[in-house]
Amino acid sequence: MTARTHDLAAATAFAVLLLAHTPEPLRLSTLLIALLANQLGGIAPDTDQPTAPFWRNLPEGHFVGKAFGKLLGGHRFISHSLLGFALFGWLCNLLLHFLHPIMPHVDIQFVWYAFLLGYASHLVMDSFTKEGVPWMLPIPFKFGVPPLKMLRITTGKAGETLLVLPLLIATDIWLCMSHYNQFTSLLRHVAH
Ligand SMILES: [Zn+2]
């Protein structure tokens with residue numbers, strides 16, 4: 001899937017997390033950092049290719065991305081598996097505990113959940129594509145939904161732009177409308 005679809009899928013997962021597990025109190029700093037972590041989680045698996053937007057936006061990112069991609073075994077390999085999910089999740093947890101002393105009011109547990117959900121949403125979305133996802137590495141089999149490859153989506157083609165994106169947008173609109181009061185009350189009670 002393209003970065004735009006992954007951003008939207010991660011944001012959808014974040015909205016569900018916010019509704020299901022609202023931190024008490026919900027601070028503005030927690031909300032903003034969790035949203036950032038969620039979006040980074042949503043694009044993290046694709047850091048295995050130097051053309052990823054994450055590397056494109058960094059100085060000399062292409063070269064670092066190339067080396068990083070090799071380290072991860074190439075595109076759609078370790079970072080697109082449960083092993084990669086655990087590895088990136090562990091690194092994110094380490095980083096959050098390291099940063100916690102300089103942002104003591106931030107609920108790092110919630111930020112961590114936001115990252116993990118963003119990451120998981122990426123793997124789920126990629127599972128709908130023709131290439132599939134090697135969820136069970138080191139077992140080198142790529143899983144896809146539906147199992148029949150010809151019925152899956154081709155990244156960036158009509159199936160993604162005319163079916164997946166509109167479906168995600170519709171889900172977001174439905175989420176907002178059906179939980180409108182919960183969202184507005186949440187935002188009204190955001191603490192500084
Ligand atoms: Zn991917």
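Numbers here simply count residues along the sequence, with the first being 1. Every number for a ligand or one of its atoms is a count from 1 in the order of the listing.
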Next on the checklist: Taking 2.8 Å as the limit, list every protein N, O or S atom around the Zn ion (ligand 1), by chain and residue number.
Outcome noted: Asp46 OD1, His80 NE2, His122 NE2, Asp126 OD2
Checklist entry - How about His6 and Asp126: do any of their side-chain heavy atoms sit closer than 4.5 Å? => result yes
Next on the checklist: For a 4.5 angstrom cut-off between non-hydrogen side-chain atoms, does Leu72 reach Thr47?
Outcome noted: yes
Item to check | Ile108 CD1 to His97 NE2 distance, which is reported to the nearest 0.5 Å | outcome: 4.0 Å
Item to check | Ring centroid separation Phe68 to Trp55 under 6.0 Å | outcome: yes
Checklist entry - Could you walk me through whether Arg76 and Thr129 pass the side-chain hydrogen bond (donor to acceptor under 3.5 Å, both in side chains) check? => result CA-CA 12 Å; Arg76 292 223 183 180; Thr129 61; 2.8 Å; yes
Next on the checklist: Is it the case that over 12 heavy atoms from other parts of the model lie below 6.0 angstrom from the NE2 atom of His21?
Outcome noted: yes
